[in-house]
2 protein chains.
Amino acid sequence: MIKNLVKMPKTLERREKLRSDLILAAERMIAARGLSGLKTRDLAREIGCANGAVYNLVADMDELILRVGSRTLLRLDEALSAAESAGEPSPQETLVRIALAYCDFAAENLQLWRALFEHRMEADKVVPDWSVQDQMQLFRHIYQPLAALFPKRSREELGITARGLFSAVHGMVALGLEQKLVAVPLPALRKEIAGLVRAMSDGLIARDVERSGGG
Amino acid sequence: MIKNLVKMPKTLERREKLRSDLILAAERMIAARGLSGLKTRDLAREIGCANGAVYNLVADMDELILRVGSRTLLRLDEALSAAESAGEPSPQETLVRIALAYCDFAAENLQLWRALFEHRMEADKVVPDWSVQDQMQLFRHIYQPLAALFPKRSREELGITARGLFSAVHGMVALGLEQKLVAVPLPALRKEIAGLVRAMSDGLIARDVERSGGG
DNA sequence: AGAAAATTTTGAGCAATGATCAAAAATTTG
DNA sequence: CAAATTTTTGATCATTGCTCAAAATTTTCT
């Protein structure tokens, strides 16, 4: 029968509250014990419902992990936004600040940040659109300073450069924070990143000038 | 009782053969179905032994995955070595060739390459030394051309730069081959990588000159 | 309000999986 | 060849994500 959408029945209210509790509990659990430490039974106990009830709130673990990822991406986005506008407006230094903010966020939210990249969708299931959109937002922070540095480049070229630069920084952070390869002290890693970002943008500018005129 | 080490009894022979079969089967299985598609029962069936026998050949799944990783790293090392010496000897172009070789290897061995980074040791177990050593070897390819470019830098500084550069390329390959973010066609990715590596080394050289004299 | 209908929650249970270990099989020794 | 030793086996355990019939709850209808 058709639901009364105005009264917001107790059931729906409770459900929304529970769903939100579930996502928060999952977030805490990943932060504390890593993606592989996330267990449905622990979650159910934590939010006070039956094992099976988790699947009334969320289609499966994949969705839950993606929801947590969405929250992590949102916070990351905020951190990058803050870095974008704090400090001197020079595009190069803005790029450096954003890179360092990315590094700091990853270090401070290690497990949640890792979960973003470790998680693999169960075979032949596609990542839902809302999650993909979340991810794409990140490049936009880096896009603006790049556009200022390279006014002649097309939107598409800039997009490619932005993704490349972002990926390079991501790699440095990823391998830098990985204890698998030699663990690097955080200050050293930050210095390394700042140096390479400056070098990359210097190099890109030099090649840009070379290309479009001044020899 | 004390084993006769000369006769190489049938048992040991068989065991070594089985162990080797096991690792090869695991390699094929990861290549075909990804790290998460690796199952002990399938492995046992594949090499023709009982389920439990897998644990006579290998301590646990972690060790097996590390053994496969060791083989993958060896092949990667060979690919990078080949790139190091093929083509013009200019250090910059050598760096570009190595980066592209890394990219190509990852693309051609996608699942095995991913397994190298996806795998996480079970909680509070340490990666054995032989595996760590394998991993460190990779930086050495990039170290030599860098030493040629920056003769004044100390061994330690060069090591840091080498790791940074390697990590940056790794990041571009990792996010570039990840269908999670927008899938990039391989030729475009290679172009992007070559461009950024050239820019990075240009930038690094400029900053080096600036630092140690001409300015 | 109260009974019937519809919905939601529950938790026992399923299937898959990594790992174990007592018993069976094979090998070596004497 | 029989006893002693080692190796292999596969039934079994514990853990998981997930399902689904039954129980509990909520809503609807009179």
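Side-chain atoms are counted along with the backbone in the values below, which use heavy atoms only and exclude waters and symmetry mates. Chain letters run A, B, ... following the sequence lines, proteins first and then strands; every chain starts at 1.
The nucleotide whose nearest atom lies closest to any side-chain atom of N51(A) is, among dC18(D), dT16(D), dT9(D), dC18(D). In the set dC18(D), dT17(C), dA19(C), dA19(C) carries the atom at the smallest distance from any side-chain atom of Y55(B). Each of dG17(D), dT9(C), dT17(C) was ranked by its minimum atom distance to the side chain of M61(A); first place goes to dG17(D). Nearest to the side-chain atoms of A53(A) among the listed nucleotides dA19(C), dT16(D), dT10(C) stands dT10(C). The side chain of E122(A) lies closest to dC18(D), out of dT17(C), dG10(D), dC18(D).
Atom P of nucleotide dA19(C) and atom NZ of K39(B) are separated by 12 Å, given to the nearest angstrom. For the pair R33(B) CZ and dA16(C) C1', the computed distance is 13 Å after rounding to whole Å. At whole-Å resolution of the value, CG in L57(A) and P in dT19(D) are 14 Å apart. If you take CE of M29(B) and P of dG18(C), they are 10 Å apart, rounded to a whole angstrom. For the pair R14(B) CZ and dT6(D) C1', the computed distance is 13 Å after rounding to whole Å. At whole-Å resolution of the value, CG in L43(B) and C1' in dA16(C) are 15 Å apart. Atom pair E63(B):CD and dA19(C):P shows a separation of 11 Å (rounding to whole Å applied).
Taking only side-chain nitrogens and oxygens, T40(A) never comes nearer than 4.0 Å to OP1 or OP2 of dT16(D). Using a 4.0 Å cut-off, some side-chain N or O of R15(B) falls inside it from OP1 or OP2 of dT8(D).
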- prompt: Can you list the steps and then say if R120(B) with S36(A) is a side chain to side chain donor-acceptor pair (under 3.5 Å)?
  reply: CA-CA 9 Å; R120(B) 295 255 169 273; S36(A) 67; over 6 Å; no
task: Verify side chain to side chain donor-acceptor pair (under 3.5 Å) between R75(B) and N109(B), making sure each step is shown before the conclusion.
output: CA-CA 10 Å; R75(B) 288 192 301 120; N109(B) 301 271; 3.0 Å; yes
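Among the protein residues, N56(B) comes within range of the nucleic acid bases, having at least one heavy atom under 4.0 Å from a base atom. L18(A) comes within 4.0 angstrom of nothing in the nucleic acid, heavy atoms only.
Here E16(B) pairs with R19(B) in a salt bridge; the nearest charged N to carboxylate O distance falls below 4.0 Å. A salt bridge links R33(B) with D42(B): at least one charged nitrogen is closer than 4.0 Å to a carboxylate oxygen.
A cation-pi geometry, defined here as NZ or CZ lying under 6.0 Å from the six-membered ring centre and within 45° of its normal, holds between R67(B) and W130(B).
Taking the nucleotide of DNA chain C with the nearest heavy atom to each of C49(A) and R41(A), the more 5' of the two is matched to C49(A).
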